[in-house]
There are 2 protein chains.
Amino acid sequence: MDARKRRVLEALIDDYIATAEPVGSRTLARKYGLGVSPATIRNEMADLEELGYLEQPHTSAGRVPSDKGYRYYVDEIMRPMVLDVADRERIRHAYQVRVRELHWFIHQTARLVSELTQYPSLVVAPPMDDASLADLSFVPLGEDMVLMVLKTNTGMVENQTLAVPDEFDARKLQRLAQDFTREFRGVAIHELKSRILDPLQGDISRYRELWHLALKWVTGQDDGEDKVSLAGPLNILNYPEFRDVEKVRRVLGFLEKETVVELVSRTTTDGVKVVIGAESSLDDIQDCSLVTATYRVGGNVVGHLMVLGPRRMHYNRVMSIVEAVSEELTRVLHG
Amino acid sequence: MDARKRRVLEALIDDYIATAEPVGSRTLARKYGLGVSPATIRNEMADLEELGYLEQPHTSAGRVPSDKGYRYYVDEIMRPMVLDVADRERIRHAYQVRVRELHWFIHQTARLVSELTQYPSLVVAPPMDDASLADLSFVPLGEDMVLMVLKTNTGMVENQTLAVPDEFDARKLQRLAQDFTREFRGVAIHELKSRILDPLQGDISRYRELWHLALKWVTGQDDGEDKVSLAGPLNILNYPEFRDVEKVRRVLGFLEKETVVELVSRTTTDGVKVVIGAESSLDDIQDCSLVTATYRVGGNVVGHLMVLGPRRMHYNRVMSIVEAVSEELTRVLHG
DNA sequence: CATTAGCACTCTATTGAAGAGAGTGCTAAC
DNA sequence: GTTAGCACTCTCTTCAATAGAGTGCTAATG
């Protein structure tokens with residue numbers, strides 16, 4: 001793989017990303033200053049195909065990058081893009097609001113990223129399970145309603161309105177919360193489950209129903225939807241590879257399934273990751289690429305951030321955006 | 001419009017709803033026991049076309065209902081569908097959870113309806129504007145965080161976490177909330193805006209920034225998204241009239257725009273309403289029909305519930321579902 | 001007199017053939 | 001090693017022919 005092959009591969013991928021049409025040798029010679037004739041480029045392209053970096057839809061068409069080609073492009077050729085000032089400003093100002101709820105950040109982030117990239121974007125909240133309980137309290141709301149407020153050691157605050165049985169007056173609830181906090185402070189959320197349901201905890205068991213409720217909520221089984229935010233799904237309709245409704249259904253359907261969360265959460269390492277086409281080994285998104293990044297809340301509790309697009313994605317731009325946003329988000333969530 | 005014409009129209013619409021293909025006279029004679037020959041049906045169909053109830057895509061195709069045809073079908077022919085037991089049970093059990101937040105109800109309802117109908121469904125929360133303030137309070141969360149809890153006279157409770165400047169300690173916040181509640185109890189939310197921003201309210205103006213924030217939140221300008229919930233948008237891809245991506249984009253785009261809320265909110269009357277095709281005079285949904293209903297929270301504060309589908313929608317089933325759900329929702333929100 | 005059978009007519013959708021266009025691979029010349 | 005030239009391949013578009021579906025009209029029927 002000499003320097004000229006790299007230049008040809010780069011030019012071809014750039015062109016294909018821009019046009020979505022198979023690229024021929026003449027086009028490359030004309031539009032990119034490679035300094036050689038179409039015939040020479042043809043030879044290089046034949047080599048690149050043999051090496052597995054390019055594919056030919058049919059004999060008389062131009063060539064198209066393969067997964068391996070994109071991979072080489074992303075890893076070895078492409079240079080990171082410097083975001084322009086407007087984009088940076090946009091990212092910096094995105095979180096300058098006084099709201100402090102996690103789901104708001106998630107939602108805002110997904111929207112920001114999908115607007116900047118023009119691809120669908122998905123943001124997954126860090127699993128509560130890894131955090132530990134810092135404080136639980138109830139705020140009576142009159143009638144039989146109560147607001148349950150939970151804080152974790154990572155500084156996250158979640159709350160939810162519940163209806164409680166009549167017998168629980170304000171005083172009782174307060175004692176309940178105190179007991180609970182005293183008993184379980186510092187315990188990881190995912191441990192709470194077994195602890196609470198343990199029948200030996202006699203003192204607690206009187207309120208089991210209430211705890212059960214609280215637990216379901218805390219562990220996120222209850223309103224799992226809030227933990228994931230999808231933005232800009234329709235952006236995908238702008239790309240010609242999705243002119244077929246069947247493909248659209250598969251891809252958008254995939255974004256609504258649990259599988260996404262699993263997939264995204266699998267990449268636990270820091271930094272920006274790229275998954276190209278079949279590398280995901282998921283049928284529904286064979287024709288798509290993913291760019292993912294992580295962000296942190298407080299300690300090591302980690303959330304995920306993802307962009308999905310066609311394989312001919314603007315990798316460098318998307319990667320820069322995703323990186324900048326995840327850094328900003330981590331910064332904001334730390335303060 | 002004699003009885004036989006009605007029977008022909010009914011059969012034709014039933015068939016078209018089932019198949020999405022233009023219906024010919026032979027088909028009607030064969031599949032529906034009309035007791036007359038295709039020729040007779042042809043004559044009736046010609047009459048129905050002249051009356052504006054049917055249309056012909058081209059001379060040698062069968063016929064298709066017009067907006068007027070559907071309208072007559074919905075108003076005069078169709079009989080309401082009795083939901084089967086499973087569906088009724090499904091509706092009854094949908095809200096048997098202790099959660100009491102409005103956005104949860106909205107979300108749950110949208111999902112329920114879209115799953116039952118297999119069409120996209122949108123639920124709009126009642127505008128807070130019409131309700132009046134019952135109580136505002138702050139719950140300190142430590143650090144510079146505070147939970148703002150608002151109750152209306154209609155019994156709705158909304159809350160949001162905010163970051164506040166350091167100067168506001170627990171005591172100060174409490175007084176602030178008391179002042180605010182005393183001052184503004186009973187005032188309609190939409191009036192709060194002018195009242196609070198009035199520079200003459202000297203005592204209040206010190207906290208203007210905070211109020212401003214609270215206000216933005218209360219009036220829903222801030223997180224407007226929470227007030228609307230869309231479920232099952234991809235259902236639309238199951239219907240052959242949306243095999244074209246351009247149409248999909250227009251319709252799904254429409255569901256994400258503000259226009260929907262305006263449109264839906266326009267129907268203030270109780271009961272189930274149907275809007276067929278061009279009746280909405282909105283370009284994006286010329287090929288769609290809507291079924292809408294309202295639900296109430298407490299007094300007269302009204303929320304909306306909508307189903308969107310192709311014009312050949314299963315009107316009777318959808319209407320029954322929408323009616324049953326809106327009744328159940330009103331019932332649940334009252335208790 | 002309403003209903004029906006028969007039939008010519010119209011329009012669409014499908015098929016197959018022809019031709020244009022794009023791009024390649026190979027060979028031979030530079 | 002590079003390039004020009006050219007035959008070859010494959011797709012896409014166009015066009016005409018054909019089959020199929022359904023209609024509207026007319027004349028016969030009970």
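A, B, ... follow the sequence lines: proteins, then strands. Residue 1 opens every chain.
- Of the options B/Asp87, B/Val291, B/Val322, a side chain to side chain contact (heavy atoms under 4.5 Å, CB included) to B/Arg317 is made by B/Asp87 and by none of the others.
- With sequence neighbours left out, B/Glu55 forms a salt bridge (charged side-chain N to carboxylate O under 4.0 Å, His left out) with no residue at all.
- Residues satisfying the side chain to side chain donor-acceptor pair (under 3.5 Å) test with A/Asn235, not counting sequence neighbours, are none.
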Side-chain donor-acceptor contacts of residues 22-30 of chain A below 3.5 Å, not counting sequence neighbours, with atom names and distances?
unit_1: A/Ser25; atom_1: OG; unit_2: A/Arg42; atom_2: NH1; d: 3.2

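- Nearest heavy atoms, B/Ser229 versus B/Ala110: O-CB, 3.6 Å.
- Applying the ring-ring contact (aromatic ring centres under 6.0 Å, His included) definition to pairs two or more places apart or across chains, those involving residues 228-248 of chain B are B/Tyr119-B/Tyr239.
- Not counting sequence neighbours, B/Asp244 has no partner by the salt bridge (charged side-chain N to carboxylate O under 4.0 Å, His left out) test.
- Overall bending of the helix from C/dC1-D/dG30 to C/dC30-D/dG1, expressed as the angle between end axes built from five pairs apiece, is 20° (10° steps).
- Within residues 3-34 of chain B, the residues that have a heavy atom under 4.0 Å from DNA chain C are, in order of number, B/Arg4.
- First and last contacting nucleotides of DNA chain C toward chain B (any atom under 4.0 angstrom from a heavy atom, 5' to 3' order): C/dT3 to C/dT12.
- Nearest heavy-atom pair, B/Met313 versus B/Ile17, reported as atom, atom and distance to 0.1 Å: O-CD1, 3.2 Å.
- Applying the side chain to side chain donor-acceptor pair (under 3.5 Å) test to every pair with at least one member in residues 56-66 of chain A, sequence neighbours left out, gives these pairs: A/Glu49-A/Arg63.
- Of the N and O atoms on the side chains of B/Tyr32 and B/Asp14, not one donor lies less than 3.5 Å from an acceptor on the other residue.
- Applying the salt bridge (charged side-chain N to carboxylate O under 4.0 Å, His left out) rule to A/Lys257 yields the partners A/Asp284; only residues at least two apart in sequence or on another chain are considered.
- Proximity of residues 35-66 of chain A to DNA chain C (heavy atom under 4.0 angstrom from any strand atom) is restricted to A/Arg42, A/Met45, A/Gln56, A/Thr59, A/Ser60, A/Ala61, A/Gly62, A/Arg63.
- Applying the side chain to side chain donor-acceptor pair (under 3.5 Å) test to A/Tyr16 and every residue at least two apart in sequence or in another chain returns nothing.
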